[in-house]
Amino acid sequence: MGRWAIAVHGGAGVDPNLPLERQEAATALLTRCLNLGISALRSSLPAIDVVELVVRELETDPLFNSGRGSALTEKGTVEMEASIMDGRGRRCGAVSGLTTVKNPISLARLVMDKSPHSYLAFSGAEDFARQHGVETVDNEYFITEDNKGMLKLAKEADSILFDYRIPSTAFETCGAASTESPIQMNGMPISVYAPE
Amino acid sequence: TVGCVVADTEGRCAAATSTGGLMNKKVGRIGDSPLIGAGTYAGEVCGVSCTGEGEAIIRGTLARDVAAVMEYKGLKLQEAVDFVIKERLDEGKAGLIAVSSEGEVAYGFNCNGMFRGCATEDGFMEVGIWE
């Protein structure tokens with residue numbers, strides 16, 4: 001018998017001025033999700049079920065950029081994407097462009113388990129969700145006041161903004177957006193591709 | 001972006017990643033998270049989930065590369081993570097978490113912080129944000 005191991009993340013590229021209470025909220029959520037996964041592993045749940053269970057928890061909490069609390073498009077809407085992969089047999093499922101599916105990771109799991117494909121996107125993915133009775137909600141459900149404020153900042157900075165929770169006091173834009181770096185990527189200034 | 005990677009007591013690895021993408025992104029933009037081999041990968045030796053600058057992660061096929069350098073260069077998990085973060089991102093900023101089928105955990109990032117937590121059966125547990 002091997003030993004179990006688990007890791008979770010909530011995104012990279014963190015605002016250096018993130019207020020302490022936000023940091024504490026983030027570490028509390030990560031700890032809760034780790035413990036959820038650990039008790040599932042101790043109950044001998046297979047790895048593929050544990051990763052889905054933990055990511056559902058992270059999608060439901062608005063703190064990080066997924067599910068409820070997702071970053072917003074330039075139009076102020078939410079388009080979510082997710083993928084899941086089982087190392088045993090390298091089976092996988094992925095979805096993109098979701099606007100109403102409450103837990104995208106579970107739809108990716110259904111694509112892996114219940115479809116002949118490994119990736120469904122936009123209206124095809126939404127149709128597949130309805131065929132399988134997956135829980136759907138209005139797009140508004142995913143949009144938070146925090147993220148409306150961040151989108152406003154990103155538009156003022158004319159950039160794609162870091163995905164971190166901007167403290168309500170400071171309204172400076174992210175470093176990469178304000179300093180034009182000479183580095184190009186895909187023909188665009190690197191500052192356009194700010195980390196999330 | 002959020003992610004979870006797990007190795008269970010049968011030595012099976014799995015990975016899952018979910019995201020809203022980048023703030024102010026164009027409608028229809030696809031990032032790294034749903035792309036198997038870029039933002040998410042799980043095979044016989046490890047499971048990986050990435051986050052950060054999607055376009056850089058895609059170009060570097062970051063998640064698959066961790067498994068590839070383990071398989072072909074014989075690197076251990078943390079060595080593989082460090083190699084990929086250091087060599088595969090060009091100027092891109094990103095982070096990743098990984099587990100091995102032997103029950104190890106590892107993570108790496110080249111930006112100013114990553115929300116992460118990890119635990120192993122022998123009692124190790126760590127939750128962090130900064131370096």
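Just so you know, these numbers use all the heavy atoms, side chains as well, and skip hydrogens, waters and symmetry mates. Chain A is the first sequence line, chain B the second, and so forth, proteins listed ahead of strands; every chain is numbered from 1.
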Do any of [range] have a heavy atom less than 4.5 Å from a heavy atom of chain B, and if so, which, in residue order?
range                       : result
residues 114-139 of chain A : Tyr119(A), Phe122(A)
residues 39-48 of chain A   : Leu41(A), Leu45(A), Pro46(A), Ala47(A), Ile48(A)
residues 88-101 of chain A  : Arg88(A), Gly89(A), Arg90(A), Cys92(A), Ala94(A), Val95(A), Ser96(A)

Which heavy atom in Gly95(B) sits nearest to a heavy atom in Ala12(A), and how many Å separate them? N-CB, 4.0 Å
What one should report as the nearest heavy-atom pair of Val55(A) and Val2(B) is CG1-CG2, 4.1 Å
Pairing residues for Lys155(A) by the salt bridge (Lys or Arg N to Asp or Glu O under 4.0 Å) criterion, not counting sequence neighbours: none
Counting distance only, does the side-chain N/O of Glu79(A) pair as donor-acceptor with the main-chain N or O of Gly28(B) below 3.5 Å? yes
Judged by atom type as modelled, is there a donor-acceptor pair below 3.5 Å linking the side chain of Asp86(A) to the main-chain atoms of Ala42(B)? no
If you measure only the distance, is there a donor-acceptor pair under 3.5 Å linking the side chains of Thr40(B) and Ser83(A)? yes
Just checking, is any N or O donor in the side chain of Ser33(B) or Glu81(A) under 3.5 Å from an acceptor N or O on the other one?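 There is no such pair between these side chains.
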Name the region of [X], side chain, backbone, both or neither, that has any atom closer than 4.5 Å to a heavy atom of chain A.
X         : value
Ile36(B)  : side chain
Tyr41(B)  : both
Asn110(B) : neither
Glu102(B) : backbone
Val27(B)  : both

Under 4.5 Å to a heavy atom of chain B? For Leu72(A) that would be both
Glu74(A): which of Lys25(B), Lys26(B), Arg29(B) passes side chain to side chain contact (heavy atoms under 4.5 Å, CB included): Lys26(B)
Heavy-atom pairs under 4.5 Å with chain A: which of Pro34(B), Gly103(B), Cys118(B) has the most?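 Answer, by heavy-atom pair count under 4.5 Å with chain A: Pro34(B).
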pair Met80(A)-Thr19(B): side-chain heavy atoms closer than 4.5 Å: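 In short, these two side chains do not touch, never coming nearer than 4.5 Å.
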Hey, are the side chains of Ser49(B) and His9(A) touching, using non-hydrogen atoms and a 4.5 Å cut-off?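 They are in side-chain contact.
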Decide whether Leu29(A) and Leu36(A) are clustered together by the hydrophobic rule: side chain heavy atoms of Ile, Leu, Val, Met, Phe, Trp, Tyr closer than 4.5 Å, transitively. no
